[in-house]
Amino acid sequence: VAAMASEPSTQSRVMFQAADKTEEPPHRKLGKLTVKYNRKDLQRRLDIEEWIDGQLHLLFDCEEEEIPELEIDIDELLELADEGQRTRLQELLQECGKPKEDFINALLYRIKGLRKMSGPLKK
């Protein structure tokens with residue numbers, strides 16, 4: 001085994017196989033993920049994250065490279081009470097010169113349905 005490890009060109013990875021079991025194709029692992037996490041909930045979360053990204057471009061009125069270092073963590077927001085969510089978003093967006101209340105209200109409305117999903121994602 002030591003000789004194989006010292007020669008990465010001949011053996012680049014280690015594989016373990018059961019006697020009568022063939023290796024599962026990679027797409028089957030994705031199927032296991034979607035059983036644990038509801039695919040519609042994951043898609044909804046992705047849609048919200050893409051919406052946030054687009055709105056930040058509009059709020060800061062600049063290219064992606066010029067947006068200040070800013071991360072809106074949906075899971076973090078879901079752990080806060082309603083007024084805490086609003087306060088946290090105002091803190092995150094304090095550098096933005098444009099009115100941000102419409103964005104904050106729209107985001108809070110969009111994440112309301114995600115509360116039930118926050119438990120399994122935080123395991």
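Owing to the predicted nature of the structure, the values given are computational and were not obtained by experimental measurement.
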>> The test is side chain to side chain contact (heavy atoms under 4.5 Å, CB included); show your working for Leu80 and Thr87 and say whether it passes.
In response: CA-CA 10 Å; Leu80 301 171; Thr87 302; over 6 Å; no

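- The structure places CD of Gln85 at 4.0 Å from CD1 of Ile111, a figure rounded to the nearest 0.5 Å.
- Within 6.0 Å of atom CG in Asp47, more than 12 heavy atoms from other residues, nucleotides or ligands are found, so the atom counts as buried in its surroundings.
- Using a cutoff of 4.0 Å between basic side-chain nitrogens and carboxylate oxygens, Lys112 and Asp82 are scored as salt-bridged.
- Rounding to the nearest 0.5 angstrom, the gap separating the CD1 atom in Ile104 from the CZ atom in Arg88 is 12.0 Å.
- Note that CD1 of Ile74 is 11.5 Å distant from CD of Glu76, once rounded to the nearest 0.5 Å.
- The structure places CG of Leu108 at 11.5 Å from CZ of Arg110, a figure rounded to the nearest 0.5 Å.
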> Would Lys100 and Gln90 satisfy side chain to side chain contact (heavy atoms under 4.5 Å, CB included), going step by step from the backbone distance to the final call?
Replying inline: CA-CA 8 Å; Lys100 41 199 170 275; Gln90 289 168 340; 5.7 Å; no

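- Distance CH2/Trp51 to CG/Leu46: 14.5 Å, rounded to 0.5 Å.
- Across all non-hydrogen atoms, the minimal contact from Leu58 to Lys98 is O-NZ, 3.0 Å.
- Taking every heavy atom of both residues into account, Glu95 and Phe60 meet most closely at C-CE2, 4.2 Å.
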> After noting the C-alpha distance and the side-chain angles of Arg86 and Glu101, does the key distance pass the side chain to side chain contact (heavy atoms under 4.5 Å, CB included) rule?
Replying inline: CA-CA 9 Å; Arg86 182 174 300 281; Glu101 278 307 307; 3.2 Å; yes

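- We find the CD1-CD distance between Ile52 and Glu71 to be 10.5 Å, quoted to the nearest 0.5 Å.
- Between Leu59 and Cys96, the closest heavy-atom pair is O-SG, 3.5 Å.
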